[in-house]
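See below for the structure under consideration.
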There are 2 protein chains.
Amino acid sequence: MKARKTATRRLRAPSLPAAALHRAEQLCTKAGERLTPARINAYAELLTQKNPISAYELLALMEQREGRKLAPLTVYRQLDFLVRVGLVHKLTSAQAYVACEHPDHPHDTLYLVCSSCGKADELESERVAELLSKAARSRGFKPGKAIVEVPGLCQTCRQPPDGADGIGVAGAR
Amino acid sequence: MKARKTATRRLRAPSLPAAALHRAEQLCTKAGERLTPARINAYAELLTQKNPISAYELLALMEQREGRKLAPLTVYRQLDFLVRVGLVHKLTSAQAYVACEHPDHPHDTLYLVCSSCGKADELESERVAELLSKAARSRGFKPGKAIVEVPGLCQTCRQPPDGADGIGVAGAR
DNA sequence: AACAATAACGTTATAACGTAACACTATACA
DNA sequence: TGTATAGTGTTACGTTATAACGTTATTGTT
């Protein structure tokens, strides 16, 4: 067997793309929040992920990246921050976190979540937001940002390529 | 101090109203599921609750009711069943369970959830369901039942009566 | 620059939520 | 009346999240 190129050794911090960093800084300034190095690291790590990941998965990634043990609380605080400023959404039905695809303006959490591969597709829908907000207000309810998660099967998982068996992928959440 | 009328002694099983029982039986027959005594008890206990409760709160209620210790798994299995047949909804953002107000037909989970008192108001919206379903299908995504949870403040908590301080109620989830 | 006020971070411990594995029991149906 | 299947009980364990408290860094003010 050939030597693995990427063993479990410590890695450098993932560099947050300049554009993303700039947007994040603007968001935080506007919200009166501080964008610290630790928070940038957590956000950068999340941005490297294709699919939503759990807080503990993020913890493991960051530990590997930084080459030291971290407490769960550290990661939870950073996630709380990222969700608060709108850079990240929490998918409560999967207990997983994913970087927002258009964090420029605050909006509801609205995702299609594949039960097979774990992929989460973010949608935008002014109409859904409006319907929910109107329904809430008509009942005297003051609404916050809605959570909308549609479980199901993504296109890829519905049309398995030759040789696939339709059984869920290991690690799918 | 006078003796309390309802101490922590064992209580009888809450009687499930006949109409509710009948509806539940029909639902289960239609779904090919069995409505066992243990499941009826769990459902009846949930029906006595005004607000959503956690699995462990339900566990404690049932233990008190039955006068013996139960394993968490027991309650989780009964909750899984009740959710599966549509008698109960899970509010994932609050990790809590609540009896459905119109279990006669299957539908999305759609609630206004008060962050202060924990109350959950179930809504119906064919339009939201349709919008989400269409958005999903247009992306090749095969949707299951959507989860829609709108956090916020209910009318009561927005208009605190004299003497109230607007601070959250102990036990609010 | 020195100070106070506040926000963020680190550490330890623990609470809350949920599931795996396996043996046993009840029900349904041939 | 067997036999297959679904449900239940029990023990143990895994995952997710927070409490409490002290330290460090940043900000805004003299």
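All chains are named by letter (A, B, ...) in the order of the sequence lines, taking the proteins before the strands, and each is independently numbered beginning at 1.
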- prompt: Does the side chain of B:V98 come within less than 4.5 Å of B:I53's, by heavy atoms?
  reply: no
Ignoring backbone atoms, establish whether B:K90 has a side-chain N or O less than 4.0 Å from OP1 or OP2 of C:dG18. yes
Let me have the donor-acceptor pairs involving side chains of residues 123-132 of chain B, under 3.5 Å, with sequence neighbours excluded, atom names and distances please.
from   : atom 1 : to     : atom 2 : distance (Å)
B:E124 : OE2    : B:H105 : NE2    : 3.3
B:S125 : OG     : B:V128 : N      : 3.0

Computed from five pairs at either end and rounded to 10 degrees, the angle between the axes of the helix from C:dA1-D:dT30 to C:dA30-D:dT1 is 40°
note: B:L35, atom CG; C:dT27, atom P; distance rounded to Å ~ 13 Å
With B:L35 as partner, the option from B:L27, B:V85, B:T29, B:L21 fulfilling side chain to side chain contact (heavy atoms under 4.5 Å, CB included) is B:L21
Check your understanding: Below 4.0 angstrom, N of the basic side chain to O of the carboxylate: do B:E63 and B:K69 qualify?
Key -> yes
Rounded to whole Å, CG of B:D80 lies from C1' of C:dA20 at a distance of 14 Å
Atom CG of A:L79 and atom C1' of D:dT18 are separated, to the nearest Å, by 14 Å
Name the orientation class of the two ring planes belonging to A:Y76 and A:Y56 (parallel below 30°, tilted from 30 to 60°, perpendicular beyond 60°). perpendicular
In B/S/- notation (B base, S sugar-phosphate only, - none; protein heavy atoms under 4.0 Å), nucleotides 7-13 of chain C written 5' to 3' is SSBBBB-
**Asked** What about A:Y97 and A:V113, same hydrophobic cluster or not, with Ile/Leu/Val/Met/Phe/Trp/Tyr joined at side-chain heavy-atom distances under 4.5 Å?
**Response** no
- Task: Apply side-chain hydrogen bond (donor to acceptor under 3.5 Å, both in side chains) to B:E122 and B:Y111, showing your working.
- Result: CA-CA 5 Å; B:E122 184 166 8; B:Y111 283 89; 3.0 Å; yes
**Request:** Using a strict cut-off of less than 4.0 Å between a Lys/Arg side-chain nitrogen and an Asp/Glu carboxylate oxygen, indicate whether B:E45 and B:R65 qualify as a salt bridge.
**Result:** yes
Determine whether a donor-acceptor pair (one donor, one acceptor, N or O, separation below 3.5 Å) exists between the side chain of A:Y56 and the base of D:dG14.
no
